[in-house]
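Worksheet: one structure, shown below.
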Amino acid sequence: MTLKVLVADDQGVVRAGFAAVIDAEEDMTVVGEAADGAEAVRLAEQLAPDVVVMDVRMPGLDGIAATRVVTGRADAPRVLVLTTFDLDAYVFDALRAGASGFLLKDVRVPELLDGIRVVATGESVLSPSATRRLISHYASATGPRTTAATAAGDPLQTLTARERHVLALVAQGLNNAEIAEESHITVGTVKSHVNALLRKLGLRDRVQATILAYDLGLTHPNPPGPHA
């Protein structure tokens, strides 16, 4: 399967550079390039890419607003956000808007390509440490927010006790192997629980699950214990 990628960046040289390295891969093809958020939204609807590589700071409609529109549609593509700064507040807002992860703009080519492949499968490119850093840095400042998942009441009521436990561990930044060890279950069972809770909560990936867990108070920044 060839992944269709849309690249959105207001800097022509940067955009062309990303497009060139992506298009050189046998399993990827760049179907379009956008110079701003509005064009990214239009091309995402027109070209139906699998992944949109989205810059944050663009004129007019910025990458955050564009991500919110793009991911809010049926059969939405995954969005991989690029940013200049590691703990940029815009990145957290982009994740809330539906992005599946982020990378720095000075990312090495192999990491960029791997990131595109990862988000295309429905996973996140955020490392556990990056997840904890982002949430810890912004959770107290942003406070609880009403999301689509929380608007109708407590969505955790739809989860089993085991799924709630797995969700809390996901929000702490643990990967599947670590969750399996912590919970004394197999990695395959962890994957099943993660898929089930994402489906029940109507979430796109682990990033959104993490954000929801903090919104609902299921876990808190820097929880105590060996994984904190």
Side-chain angles (χ1 to χ4, degrees), residues 2-41 43-44 47 49-68 70-71 77-139 141-142 173 175 204-208 210-211 221:
T2 301
L3 294 177
K4 297 185 294 182
V5 182
L6 171 64
V7 179
D9 195 297
D10 65 327
Q11 300 180 54
V13 173
V14 173
R15 186 174 66 249
F18 283 139
V21 298
I22 293 169
D23 225 14
E25 295 297 292
E26 293 183 357
D27 61 337
M28 301 183 194
T29 183
V30 174
V31 295
E33 299 180 31
D36 56 47
E39 187 176 19
V41 169
L43 291 179
L47 303 174
D50 299 300
V51 177
V52 179
V53 177
M54 185 84 75
D55 184 22
V56 173
R57 293 178 176 139
M58 293 186 289
L61 192 71
D62 64 25
I64 296 170
T67 295
R68 187 174 294 111
V70 168
T71 61
R78 305 287 175 175
V79 176
L80 177 59
V81 168
L82 299 180
T83 182
T84 304
F85 302 104
D86 196 3
L87 282 178
D88 191 337
Y90 290 115
V91 174
F92 190 73
D93 288 341
L95 297 179
R96 285 188 177 275
S100 294
F102 80 95
L103 292 171
L104 297 180
K105 273 195 171 183
D106 61 358
V107 64
R108 294 184 304 165
V109 169
E111 293 174 350
L112 171 64
L113 299 174
D114 287 345
I116 293 171
R117 294 183 180 102
V118 168
V119 299
T121 67
E123 293 293 329
S124 164
V125 297
L126 288 178
S127 67
S129 61
T131 300
R132 286 195 294 267
R133 235 176 27 248
L134 280 167
I135 297 298
S136 178
H137 191 79
Y138 295 113
T142 57
N175 60 34
R204 194 175 303 277
D205 51 36
R206 297 167 79 103
V207 173
Q208 291 192 338
T210 297
I211 292 171

#### Entry: Basic-acidic side-chain contact under 4.0 Å: Asp55, Lys105
yes
### Option passing side chain to side chain contact (heavy atoms under 4.5 Å, CB included) with Lys4 (candidates Asp50, Leu47, Val30)
Asp50
### Message
Main chain of Ala97, side chain of Arg68: is a donor-acceptor contact present, judged purely on distance under 3.5 Å?
### Response
no
#### Entry: Shortest non-hydrogen separation from Leu43 to Pro49 and the atoms involved
O-CD, 4.3 Å
### Message
Are Leu61 and Asp36 packed together at the side-chain level, in the sense that at least one heavy-atom pair is separated by less than 4.5 angstrom?
### Response
no
### Query
Where do Pro77 and Thr71 come nearest, in terms of heavy atoms and distance?
O-CG2, 4.3 Å
### Message
Ignoring hydrogens, what is the shortest heavy-atom contact between Ala35 and Pro59? Give both atom names and the distance.
### Response
O-CD, 4.3 Å
### Task
Check Ala8 against Ala40 and note the closest heavy-atom contact, atom names and distance.
CB-CB, 3.9 Å
### Query
When rounded to the nearest 0.5 angstrom, what is the spacing between CG in Leu104 and CG in Leu112?
11.5 Å
### Query
Going from OG1 on Thr29 to CG on Asp23, what distance comes out if it is rounded to the nearest 0.5 angstrom?
4.5 Å
### Task
May I ask you to test the Ile116-Glu25 pair for a side-chain heavy-atom distance under 4.5 Å?
no
### Task
Check each of Asp114, Val119, Thr121 against Arg117 using the side chain to side chain contact (heavy atoms under 4.5 Å, CB included) test, and report the only one that passes.
Asp114
#### Entry: Smallest separation among heavy atoms of Phe18 and Val7, with atom names
CB-CG1, 4.2 Å
### Task
Using a 4.5 Å cut-off on heavy atoms from C-beta on, say whether the side chain of Val56 contacts that of Asp62.
no
### Task
With rounding to the nearest 0.5 Å, note down the distance linking CE in Met58 to CD1 in Ile64.
10.0 Å
### Query
Okay, side chain of Glu111, backbone of Val107: is any donor-acceptor separation there less than 3.5 Å?
no
### Query
CG/Leu6 to CD/Glu39 distance, rounded to the nearest 0.5 angstrom?
8.5 Å
### Message
To check you understand the geometry: which heavy-atom pair defines the closest contact between Ala66 and Met54, and what is its length?
### Response
CB-CE, 3.8 Å
